[in-house]
Amino acid sequence: MSNFGEDIDLAADLWGTVVAVQANFYQVQLDSKGYSSQEGYPSLLCTRRSRLKKIGQTVMVGDRVLVEEPNYTDGQGVIAEVLPRKTELKRPPVANADRVLLVFALEEPSLDVWQLSRFLIAAELTQLSPYLCLNKKDLIPTVEQQQWRSRLLEWGYDSIILSVAQNQGLEEIKQQLAGKITIIAGPSGVGKSSLINKLIPAVNLRVGKVSGKLQRGRHTTRHVELFELPSGGLLADSPGFNKPELECNPIQLVRCFPEARERLAMGQCQFSDCLHRDEPNCIVRGDWERYEHYLVFLEDAIARQEVLNRTPDAESNFKLKIKGSGERSYEPRLESKKYRRQSRRSRHQDLQTLYDEEDW
Ligand SMILES: Nc1nc2c(ncn2[C@@H]2O[C@H](COP(=O)(O)OP(=O)(O)OP(=O)(O)O)[C@@H](O)[C@H]2O)c(=O)[nH]1
Ligand SMILES: [Zn+2]
């Protein structure tokens with residue numbers, strides 16, 4: 001019987017959120033209903049009903065699920081139903097995320113505007129609103145901090161300037177994250193782990209100063225996990241990748257720039273399929289800082305599109321390579337890790353497991 005005694009209404013439906021997935025097991029954090037906060041909300045290790053498997057219903061981190069047969073003594077249960085997802089991210093695989101918390105450092109590593117632009121566009125493509133944090137303010141003078149903030153405001157993004165190391169700006173972030181599912185992203189070394197450790201002291205992620213090999217190890221972490229924030233809300237670490245791929249078609253790209261959206265809201269280009277390069281009477285082309293970024297990312301998107309048009313299955317067979325010189329080319333993926341793994345594994349392994357364990 002239950003450890004939680006009289007508090008539980010066994011007749012009521014039990015709902016919760018999947019916070020971790022490993023193989024065919026799902027860690028479900030139950031909703032607060034029926035428990036006092038001192039007890040902590042129980043989380044149960046669940047399997048999913050075979051009926052769900054049969055109908056091809058996958059279960060992802062972030063999913064809202066109905067739990068049956070709870071066994072509080074052993075901490076186990078069964079997922080009987082999955083609510084339709086509000087949002088679904090592929091990388092990292094998370095359902096129902098509300099926003100992306102983008103972390104960059106003002107210094108060490110110094111802020112690279114092209115990299116920031118790329119991350120912002122990747123965040124825009126997820127349709128989740130990006131929330132931008134500039135960390136390590138202790139390393140640059142106040143005047144420069146403000147210059148960065150104004151510059152990014154021109155791009156259409158407000159940012160919060162903080163120092164995780166000096167505990168500055170953390171309260172504001174806590175407020176922003178309360179009650180939401182947030183994905184944390186950003187390049188390596190900017191202080192993401194340090195920030196998570198400060199927000200959720202119980203987590204204790206490894207911070208910085210990790211050797212090259214180990215570092216890569218962390219970045220290929222195969223399972224995503226949602227960490228519960230003490231003040232409510234869930235946070236997912238997306239293992240650092242320095243260069244998110246921008247999977248968008250050329251026409252879509254312009255919508256990822258707030259500066260361009262603003263221009264398009266005020267009028268329209270002469271041609272409805274304007275790519276905003278050298279077409280006559282284009283309302284987007286002009287004197288805004290990131291117009292140059294737009295043009296370069298547009299070339300990428302066009303090159304990508306051309307490859308996709310040539311080979312129907314190109315998305316999985318080609319990889320965009322960008323050399324230091326900026327030269328771009330598509331290289332065939334000879335044997336992706338996914339295929340290698342798959343071949344070593346039993347044919348009966350279900351898709352969900354492969355999905356869970358795919359490197360992204
Ligand atoms: N000066 C300063 N250093 C910081 C601050 N926040 C984090 N650091 C340091 O920056 C380094 C990298 O921090 P991490 O938290 O490991 O960065 P990360 O973004 O998780 O990096 P990856 O694990 O590579 O993705 C560590 O040495 C931290 O101590 C800050 O506010 N100021
Ligand atoms: Zn145009």
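Keep in mind that this is a model prediction, so the values were computed, not measured.
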Enquirer: Strictly below 4.0 Å, N to O, side chains only: are R151 and E289 in salt-bridge contact?
Expert: yes
Enquirer: Mark yes when over 12 heavy atoms from residues, nucleotides or ligands other than F25 sit less than 6.0 Å from its CZ; otherwise mark no.
Expert: no
Enquirer: Would the distance check show the side chain of D98 and the main-chain N or O of I181 forming a donor-acceptor pair, the cut-off being under 3.5 Å?
Expert: yes
Enquirer: Could you check whether any side-chain heavy atom of T87 comes within less than 4.5 Å of a side-chain heavy atom of L128, counting everything from C-beta outward?
Expert: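 Yes, their side chains come closer than 4.5 Å.
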Enquirer: For a 4.5 angstrom cut-off between non-hydrogen side-chain atoms, does V28 reach L14?
Expert: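 They are not in side-chain contact.
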Enquirer: Decide if atom CD of E279 counts as having more than 12 heavy atoms of other residues, nucleotides or ligands within a radius under 6.0 Å.
Expert: yes
Enquirer: Indicate yes or no for a side-chain donor-acceptor contact from Q76 to the backbone of N71 under 3.5 Å, with no hydrogens or angles considered.
Expert: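 Answer holds: no.
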Enquirer: Does a side chain donor of either R48 or Y26 reach within less than 3.5 Å of an acceptor in the other side chain?
Expert: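 Checked: R48/Y26 side chains pair up, N/O donor to acceptor below 3.5 Å.
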Enquirer: Is it true that a side-chain atom of S163 and a backbone atom of Q166 form a donor plus acceptor pair closer than 3.5 Å?
Expert: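 Here the side-chain-to-backbone pair exists.
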Enquirer: Evaluate the side chain to side chain contact (heavy atoms under 4.5 Å, CB included) criterion for residues I196 and F227: first the C-alpha distance (whole Å), next the side-chain angles of each, then the deciding distance (0.1 Å), finally the verdict.
Expert: CA-CA 9 Å; I196 297 176; F227 301 115; 4.3 Å; yes
Enquirer: For D63 and T17: C-alpha separation, side-chain torsions, deciding distance, then whether side chain to side chain contact (heavy atoms under 4.5 Å, CB included) applies.
Expert: CA-CA 6 Å; D63 265 330; T17 304; over 6 Å; no
Enquirer: Taking atom types as modelled and ignoring hydrogens, do the side chains of Q27 and S43 form a donor-acceptor contact shorter than 3.5 angstrom?
Expert: yes
Enquirer: State, to 0.1 Å, how close L44 and G77 come at their nearest heavy-atom pair, and which atoms those are.
Expert: CB-N, 4.3 Å
Enquirer: With rounding to the nearest 0.5 angstrom, report the CD1 to CG distance, I183 to D237.
Expert: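 Going from CD1 on I183 over to CG on D237, the span is 9.5 Å.
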Enquirer: Where the side chain of H293 meets the backbone of Y291, is there a donor-acceptor pair that is under 3.5 Å apart?
Expert: no
Enquirer: For R118 versus P244, what's the shortest heavy-atom pair and its separation?
Expert: NH1-O, 2.9 Å
Enquirer: Does the side chain of V19 reach to within under 4.5 Å of the side chain of V61, using non-hydrogen atoms?
Expert: no
Enquirer: Taking atom CG of L102 and atom OH of Y157, what is their separation to the nearest 0.5 Å?
Expert: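 Answer for the CG-OH pair, L102 versus Y157, is 9.0 Å.
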Enquirer: Please round to the nearest 0.5 Å and tell me the distance separating atom CD of Q57 and atom CD1 of I79.
Expert: 9.5 Å
Enquirer: Are any non-hydrogen side-chain atoms of L195 and V103 less than 4.5 angstrom apart?
Expert: yes
Enquirer: Side-chain heavy atoms nearer than 4.5 Å, only ILVMFWY residues, links allowed to pass through others: does that put L139 and V143 together?
Expert: no
Enquirer: Please determine whether the number of non-hydrogen atoms from other residues, nucleotides or ligands lying under 6.0 Å from atom CD of Q168 exceeds 12.
Expert: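 Yes, CD of Q168 has more than 12 neighbouring heavy atoms, counting only those of other groups under 6.0 Å.
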Enquirer: To check you understand the geometry: which heavy-atom pair defines the closest contact between G191 and N135, and what is its length?
Expert: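 Smallest interatomic distance, heavy atoms only, reads CA-ND2, 3.9 Å.
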Enquirer: Between E144 and R149, is the closest basic N to carboxylate O distance under 4.0 Å?
Expert: no
Enquirer: To check you understand the geometry: which heavy-atom pair defines the closest contact between A185 and V100, and what is its length?
Expert: CB-CG1, 4.3 Å
Enquirer: Please determine whether side chain to side chain contact (heavy atoms under 4.5 Å, CB included) holds for the pair N281 and F271, giving the CA-CA distance in whole Å, both sets of side-chain angles, and the decisive distance to 0.1 Å.
Expert: CA-CA 8 Å; N281 300 318; F271 299 105; over 6 Å; no
Enquirer: Are E107 and K137 close enough for a salt bridge, meaning some N to O gap below 4.0 Å?
Expert: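 Between K137 and E107 there is no salt bridge, as every charged N stays at least 4.0 Å from the carboxylate O atoms.
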Enquirer: With rounding to the nearest 0.5 Å, note down the distance linking SG in C282 to CZ in R263.
Expert: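 Reported to 0.5 Å precision, the distance equals 9.0 Å.
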Enquirer: Between T58 and L52, is a side chain to side chain contact (heavy atoms under 4.5 Å, CB included) present by the stated rule, with each step listed?
Expert: CA-CA 8 Å; T58 56; L52 293 181; over 6 Å; no
Enquirer: Side-chain contact, heavy-atom cut-off 4.5 Å: Q268 with I283?
Expert: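 Q268 vs I283: side chains apart.
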Enquirer: Is any side-chain heavy atom of I121 closer than 4.5 Å to one of F257?
Expert: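 Heavy-atom side-chain distance check passes, below 4.5 Å.
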Enquirer: Check whether L45 and V21 end up in the same hydrophobic cluster, where Ile, Leu, Val, Met, Phe, Trp and Tyr are linked by side-chain heavy atoms less than 4.5 Å apart.
Expert: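 Different clusters.
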Enquirer: Going from CG on L170 to CD on Q175, what distance comes out if it is rounded to the nearest 0.5 angstrom?
Expert: 11.5 Å
Enquirer: Taking the side chain from T126 and the backbone from A123, do they hold a donor-acceptor pair closer than 3.5 Å?
Expert: yes
Enquirer: In Å, rounded to the nearest 0.5 Å, how long is the span from CG of L246 to CG of L253?
Expert: 7.5 Å
Enquirer: Side-chain contact test, heavy atoms from C-beta onward, threshold under 4.5 Å: evaluate it for D158 versus Y131 and give yes or no.
Expert: no
Enquirer: Given the rule that I, L, V, M, F, W and Y join up when any side-chain heavy atoms are under 4.5 Å apart, are L132 and L153 in one cluster?
Expert: no
Enquirer: Side-chain heavy atoms under 4.5 angstrom apart, residues restricted to Ile, Leu, Val, Met, Phe, Trp, Tyr: same cluster for L83 and V78?
Expert: no
Enquirer: Please check if the number of heavy atoms outside E154 that lie under 6.0 Å from its CD is greater than 12.
Expert: no
Enquirer: Salt-bridged, E259 to R290, with N to O below 4.0 Å?
Expert: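 Here E259 pairs with R290 in a salt bridge, since their nearest N and O are under 4.0 Å apart.
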Enquirer: Can you confirm whether I173 sits close enough to C133 that some side-chain heavy atom of one is under 4.5 Å from a side-chain heavy atom of the other?
Expert: yes
Enquirer: So which atom in A80 and which in R49 form the shortest heavy-atom distance, rounded to 0.1 Å?
Expert: CA-CG, 3.9 Å
Enquirer: With distance as the sole test, does R261 use its side chain to make a donor-acceptor pair with the main-chain N or O of R255 at under 3.5 Å?
Expert: yes
Enquirer: With no hydrogens and no angle check, is any side-chain donor or acceptor of K136 less than 3.5 Å from a backbone partner on F104?
Expert: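 The answer is no, because no donor-acceptor pair under 3.5 Å joins these two groups.
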Enquirer: Does V164 offer a backbone N or O that forms a donor-acceptor pair with the side chain of K198 under 3.5 Å?
Expert: yes
Enquirer: I'd like to know if D31 pairs up with R64 as an ion pair, taking the criterion as any Lys NZ or Arg NE/NH1/NH2 lying under 4.0 Å from an Asp or Glu carboxylate oxygen.
Expert: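 Salt bridge: yes.
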Enquirer: Going by atom types only, do Q176 and R99 share a side-chain donor-acceptor pair under 3.5 Å?
Expert: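 Their side chains do contain a donor-acceptor pair, which is all the 3.5 Å distance test asks for.
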Enquirer: Donor-acceptor pair, N96 side chain versus G62 backbone, under 3.5 Å?
Expert: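 Such a contact is found between N96 side chain and G62 backbone.
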Enquirer: Applying salt bridge (Lys or Arg N to Asp or Glu O under 4.0 Å) to E247 and R91, what does each step give before you reach the verdict?
Expert: CA-CA 11 Å; E247 293 176 0; R91 283 179 225 140; 3.1 Å; yes
Enquirer: Mind listing the closest non-hydrogen atom pair of V18 and M60 along with its distance?
Expert: CB-O, 3.4 Å
Enquirer: Look at the side chain of R304 and the backbone N and O of E299, then say whether any donor-acceptor pair between them is shorter than 3.5 Å.
Expert: no
